Amino acid sequence: MASKFSSTLLLLLSILMSIQLLVSAGNFYKDVDITWGEGRGKIQEGGRGLALSLDKLSGSGFQSKNEFLFGRFDMQIKLVPENSAGTVTTFFLSSQGEGHDEIDFEFLGNVSGQPYTIHTNVYTQGKGNKEQQFHLWFDPTAAFHTYTIVWNPHRIVFLVDNSPIRVFNNHESIGIPFPKSQAMKVYCSLWNADEWATQGGRVKTDWALAPFTAYYRNINIDGCAVSSGTSSCKSIGSTNNAKPWETHELDGKGRNRLRWVQSKHMVYNYCADSKRFPQGFSAECKSSRF
Ligand SMILES: *[C@@H]1O[C@H](CO)[C@@H](O)[C@H](O)[C@H]1NC(C)=O
C-alpha cells in the first residue's frame, strides 16, 4: 500500500518536474543578467530573445545567473549580417579567477560574401592552445541556428544544429588536463577585435555600418547548477537516471557527421599546425578516437 502510494507520488513528481523543465526552458529574464554595454543589450520577445549590439564606443554582453558543473547548453544565434568584419560574437562557458577553465564558441565576422569563422577552444587551468576553426555549410546570418556545448566528465562536444563539429575527450589518463572541477557560467558577447579577427587583422571594421547587432534566442540550459559549493546533480557519473548529456557520446551516425565536418569544413586545427608546435603536438592529437 505504502509503496503503491509512493510510486504514484513519484510519478506525479516526475511529471511536475518535466512540466517545470518545459516552462523553464528558454527565458533570458530568468536565466541571465546583461552585464555589459549600457543599454546595448536588450531582452526581447518576453524573454525568448536577446539582442546584443556594438558601436564604436562599446560592445555588449550577458552572463548566466547560475554557475554549472557540467551540462548541456543550447543557444540559437543569428549573427551580424553583411559586412561584419572585425566583429566577434561569442557563446562560451568560463569559470572565474586565476587558472580558469573555459569552453569557447566564437564567431569571427567577415566582409560581405565571405564566410564567418567559427572558432572553438578549450582551456583548462588557464591553458588553452587547443583551437579548431570551421567555416559553416550555411549562412549563419540568414536565420537562427542552434549552437550547443555538451560538457560531461568524459568529454566536451561542440554541436551546430545537432551536428557534432568537435569532440574534446577527457585524456587525463595520458596527462592532458580536462576541465571538471571548476563551475562555469555561460557568457555571450558582441565586441570589436579588428586588430586580429578578420583575415588576421588585415580587414578593419567599417564603423559607418554601426550599430552591429547579433540576436540570441531560446537559451536552454540543462545542467548541474552549483550554489555555495553544492551541485544540484548528485547523480553525475552514475548511470542511474542519467540525463542524455551526462553520457553523451557519438554513435555511428554522429561519427560520420563529425568526420564530414572535420574533413570538409575545418579550416584550422591545432593538431596539424607544425609551425606553431615544432616540438610536436599535444598528446591527445595522436588519439584518433572521437
Ligand atoms: C574571411 O574570408 C576569407 C576569404 O574567404 C577567409 O580566408 C577567412 O577565413 C574568413 N574569416 C575570417 C574571420 O577572416
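This one's a predicted model, so the numbers in the text were calculated from it and none came from an experiment. All ligand and atom numbering here is 1-based and tracks the order in the structure.
Distance check for atom 11 (N) of ligand 1: a protein heavy atom is found below 4.0 Å.
Under the 4.0 angstrom criterion for non-hydrogen atoms, A85 is not in contact with ligand 1. The closest approach between any non-hydrogen atom of T198 and ligand 1 is below 4.0 Å.
Below 4.0 Å from some heavy atom of L108 lie the following atoms of ligand 1, by number and element: 13 (C). When each atom of ligand 1 is checked for a heavy atom of G109 under 4.0 Å away, the hits are 13 (C). Proximity to P115 (heavy-atom distance under 4.0 Å) selects the following atoms of ligand 1: 1 (C), 2 (O), 5 (O), 10 (C), 11 (N).
Of the listed options H135, E106, H119, Q114, Q114 places a heavy atom closest to atom 5 (O) of ligand 1.
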Under the criterion side chain to side chain contact (heavy atoms under 4.5 Å, CB included), I'd like the reasoning laid out for Q199 against N110: C-alpha separation, chi angles, the key distance, then a yes or no. CA-CA 8 Å; Q199 299 176 32; N110 217 331; 3.2 Å; yes
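Nearest to atom 3 (C) of ligand 1 among the protein's heavy atoms is Q199 NE2, 3.5 Å. The nearest heavy-atom contact from the protein to atom 1 (C) of ligand 1 is N110 ND2, 1.5 Å.
Only the backbone of A197 comes within 4.0 Å of ligand 1, counting heavy atoms alone; no side-chain atom from C-beta on gets that close.
Using modelled atom types and a 3.5 Å distance limit, the side chains of S163 and D161 yield no donor-acceptor pair.
Contact check on E45 versus R217 returns no salt bridge, with no Lys/Arg side-chain nitrogen under 4.0 Å from an Asp/Glu carboxylate oxygen. For the pair D33 and K65, the salt-bridge criterion is met [side-chain N within less than 4.0 Å of a carboxylate O].
Annotation: side chain of M75 is in contact with side chain of C188 (closest heavy-atom distance under 4.5 Å). A heavy-atom distance below 4.5 Å is not found between the side chains of P153 and N170.
Of the options W245, F92, F70, F68, a ring pair (Phe, Tyr, Trp, His ring centres under 6.0 Å) to W151 is made by F70 and by none of the others. F107 pairs with exactly one of W191, Y116, Y216, Y147 by the ring pair (Phe, Tyr, Trp, His ring centres under 6.0 Å) rule, that one being Y147.
Residue T117 has at least one N or O atom closer than 3.5 Å to an N or O atom of ligand 1.
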